[in-house]
Amino acid sequence: EDQVTQSPEALRLQEGESSSLNCSYTVSGLRGLFWYRQDPGKGPEFLFTLYSAGEEKEKERLKATLTKKESFLHITAPKPEDSATYLCAVNAGNNRKLIWGLGTSLAVNP
Amino acid sequence: GAGVSQTPSNKVTEKGKYVELRCDPISGHTALYWYRQSLGQGPEFLIYFQGTGAADDSGLPNDRFFAVRPEGSVSTLKIQRTERGDSAVYLCASSLSGPQETQYFGPGTRLLVL
């Protein structure tokens, strides 16, 4: 069965303390992996799309990487405004829908 | 339009009533998706439209839920005989042509059934 698992469920960092969030997936025929950020009371905000193992994308303090089994979202020198829930989703095979993880809730303390 | 818009932003209704939730996708996007999200959970897929037709409605929980997209742009999610368990945030997303492409989300409609 296709599955997406995110870890940790929650993460608390000090401002400037770099870390990584993990999204591991078990699917047949990956067609795309998507990272989103969601703030309380808002819809998910698109961050990155990765299509093949070895691909990397970067935006400000965030960098997403992809292997054949997992993706990492690296956060370098985070700021309090990076506090949010980070969601990972996968499109695979002939699926017409995304398979979602439960998210990682990130809190960055000043 | 700049992004996906959804109306209303909040809806409070009584058990047994009928509600309609509206989604206006990004202009030119042929694919449109409805999701439901409960607190602490990822989005739960409901239905996917390609143009005017429902390409996949396997996520609709029961026949009280129905969605339309008559002109291939705006979509309406309709819920009949609402139940307290229908309370959630209903999210709409659109993508250029299909689920292998990035989906852009609206702000959601918060539905509360009393």
_Surrounding CG of L114(B) (heavy atoms of other residues, nucleotides or ligands, distance under 6.0 Å), is the total greater than 12?_
yes
*If you tally heavy-atom pairs under 4.5 Å against chain A, which of Q6(B), Q41(B), E101(B), R110(B) wins?*
R110(B)
*Checking heavy atoms, do the side chain of Q38(A), its backbone, both or neither come under 4.5 Å from chain B?*
side chain
*Taking atom CD of Q100(B) and atom CZ of F34(A), what is their separation to the nearest 0.5 Å?*
8.0 Å
*So which of F45(B), Y33(B), Y35(B) actually passes side-chain contact (heavy atoms from CB on, under 4.5 Å) with K97(A)?*
F45(B)
_Pairs touching residues 45-62 of chain A that satisfy side chain to side chain donor-acceptor pair (under 3.5 Å), sequence neighbours left out_ = T49(A)-T102(B), E56(A)-K63(A), R61(A)-D82(A)
*Portion of L87(A) that has a non-hydrogen atom of chain B nearer than 4.5 angstrom*: side chain
*Linked, directly or transitively: L98(A) and W34(B) (ILVMFWY side chains, under 4.5 Å)*: no
*asked:* I'd like to know whether CZ of F66(B) has more than 12 heavy-atom contacts from other residues, nucleotides or ligands below 6.0 angstrom.
replied: no
*Pick one of side chain, backbone, both or neither for Q37(B), based on which atoms fall under 4.5 Å of a heavy atom in chain A.*
side chain
_Please rank G103(A), G32(A), P44(A), G43(A) by heavy-atom pairs under 4.5 Å with chain B and give me the top one._
P44(A)
*Should the heavy atoms of other residues, nucleotides or ligands under 6.0 Å from CD of E71(B) be counted, would the total exceed 12?*
no
*Identify which of C92(B), G40(B), P107(B), A31(B) forms the greatest number of heavy-atom pairs closer than 4.5 Å to chain A.*
P107(B)
*Answer yes if I47(B) and V89(B) sit in the same cluster of Ile, Leu, Val, Met, Phe, Trp and Tyr residues linked by side chain heavy atoms under 4.5 Å apart, and no otherwise.*
no
